[in-house]
Amino acid sequence: EAHTPLSFDDALAGAGVRVPVELETACRTCGGTGAEPGTAPTVCPQCGGRGVTSDSHGLFALSQPCPRCRGNGTVVEHPCKTCRGSGHERTTKNFNVKIRPGIKDRARIRVAGKGEAGRNGGPPGDLYVVVHVDPSPIYTRRGDDLVVDVPVGYADAALGASVDVPTPEGPISLKVPAGSQPGKLLKIKGRGAPKPKGGKGDLLARLKVTVPGKVSKRERELLEELRKVGG
């Protein structure tokens, strides 16, 4: 298992990343035999190559892995100096991994056949890459939907207006209905994150009604008049 960071934008659009992975591979000196070049493992003299030994106890015989060869059936008389007879060594490899558009944080990507080397001639395992998506300064993700805060003046919220809303494809104009309350969600279909099986989620514009810290004399007069009219 390996881990890779990914920007929020690349998670939406998809990307190719280079992932360094430390693996146990066949020794480059002995080719995985564990024996010094020019020599080869020999048949274990204790078990005769069977990998097991038997102890007779009357009517019963107990078999157990051979203590000399540890069940391999062969012994290395002259171990490889690079891997010390293990036949394997640790090395770092770089893999190019394709990230699909719309991938979520902590998602795991399976890369078949790129894991640790198999034992005793077996096939290699798989590599799993865990993606860590950086948070966005603009959007909050809800499944395949994206939520974005949109500031709206109190007059525009009360009377209705058109405001610019950022989307991953660029800003668009959104109509804010008159009488909109703070926190109201306005849906923009198909402007969210890409879905695994095609299509996209929605963009949810969350209205944040802004109140100025300071108002002019004329604004104060109008607000006082509005308060009187509204009771």
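Residue numbers run from 1 in the order of the sequence given.
Residue H78 holds its NE2 atom at 6.0 Å from OG1 of T39, rounded to the nearest 0.5 Å. Note that NZ of K114 and CG of N96 are 10.5 Å apart. Values are rounded to the nearest 0.5 Å. The distance from atom CG of L146 to atom CG of L204, rounded to the nearest 0.5 Å, is 8.0 Å. If you take CG on L12 and CG on L6, they are separated by 9.5 Å, rounding to the nearest 0.5 Å. Distance CG/L23 to CZ/R90: 7.0 Å, rounded to 0.5 Å. Here the straight-line distance linking atom SG of C30 with atom NE2 of H88 works out to 9.0 Å at 0.5 Å rounding.
E225 and R220 are not joined by a salt bridge, as no carboxylate oxygen comes within less than 4.0 angstrom of a charged side-chain nitrogen. A salt bridge links E77 with R68: the distance from a Lys NZ or Arg NE/NH1/NH2 to an Asp or Glu carboxylate oxygen falls below 4.0 Å. Ion pairing of K93 with E22 is absent here, as no side-chain N (NZ or NE/NH1/NH2) approaches a carboxylate O to less than 4.0 Å.
Counting heavy atoms from C-beta on, the side chains of V130 and T4 never come closer than 4.5 Å. Side-chain contact check for L203 versus Y139: some heavy-atom pair is nearer than 4.5 Å. Residues K200 and K195 are not in side-chain contact: their nearest non-hydrogen atoms beyond the backbone lie 4.5 Å or more apart. Using a 4.5 Å cut-off on side-chain heavy atoms (C-beta onward), V176 and D156 make no contact. Side-chain contact between P37 and T29: present, with at least one pair of heavy atoms (C-beta onward) separated by less than 4.5 Å. The shortest side-chain heavy-atom distance between I109 and V131 falls under the 4.5 Å cut-off. Residues T210 and V152 form no side-chain contact, since every pair of their non-hydrogen atoms from C-beta on lies 4.5 Å or further apart. A heavy-atom distance below 4.5 Å is not found between the side chains of S216 and E221.
Shown here is R100, whose CZ atom has more than 12 heavy atoms of other residues, nucleotides or ligands within 6.0 Å.
Using a 4.5 Å cut-off between side-chain heavy atoms of Ile, Leu, Val, Met, Phe, Trp and Tyr, with links allowed through other members, I138 and L186 fall into the same hydrophobic cluster. Cluster annotation: V147 is not connected to I172 through the hydrophobic network of ILVMFWY side chains, with a link wherever side-chain heavy atoms come within less than 4.5 Å. No continuous path of ILVMFWY side-chain contacts below 4.5 Å connects L185 to V163, so the two sit in separate hydrophobic clusters. Cluster membership check: I99 shares its hydrophobic cluster with V21, using side-chain heavy-atom separations under 4.5 Å among Ile, Leu, Val, Met, Phe, Trp and Tyr.
Closest of all the heavy-atom pairs between I103 and A107 is CG1-CB, 3.6 Å. Considering all non-hydrogen atoms of both residues, P194 and D144 come closest at O-OD1, 4.1 Å. Nearest heavy-atom pair, R191 versus G170, reported as atom, atom and distance to 0.1 Å: NH1-O, 4.2 Å. Closest of all the heavy-atom pairs between V76 and A35 is CG1-CA, 3.7 Å. The shortest heavy-atom contact between Q46 and P67 is NE2-CG, 3.5 Å. Nearest heavy atoms, G49 versus V43: N-CG1, 3.6 Å.
Q181 places a side-chain N or O within donor-acceptor distance of the main-chain N or O of G179, the cut-off being under 3.5 Å. E116 contributes a side-chain N or O that, together with a main-chain N or O of E24, makes up a donor-acceptor pair within less than 3.5 Å. In this structure a side-chain-to-backbone donor-acceptor pair under 3.5 Å is present from E36 to K81. Judged by distance alone, with hydrogens and angles left aside, the side-chain atoms of D202 form a donor-acceptor pair with the main-chain N or O of G190 at under 3.5 Å. At least one donor-acceptor pair under 3.5 Å links the side chain of D105 to the backbone N or O of V133. A distance-only check finds a donor-acceptor pair linking the side chain of N72 to the backbone of C69 [under 3.5 Å].
When hydrophobic side chains of Ile, Leu, Val, Met, Phe, Trp and Tyr are connected at separations under 4.5 Å, V211 ends up as a singleton with no cluster partners.
Among residues two or more places apart in sequence or in another chain, the salt bridge (Lys or Arg N to Asp or Glu O under 4.0 Å) test is passed with R28 by E89.
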I would like to know whether T91 and T25 meet side chain to side chain donor-acceptor pair (under 3.5 Å); could you show each step before the answer?
-> CA-CA 7 Å; T91 185; T25 60; 5.3 Å; no
C44 vs T74, test: side chain to side chain contact (heavy atoms under 4.5 Å, CB included). Steps then yes/no. CA-CA 5 Å; C44 176; T74 58; 5.9 Å; no
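The salt bridge (charged side-chain N to carboxylate O under 4.0 Å, His left out) contacts involving residues 122-140 comprise R110-D126, where partners must be two or more places apart or lie in separate chains.
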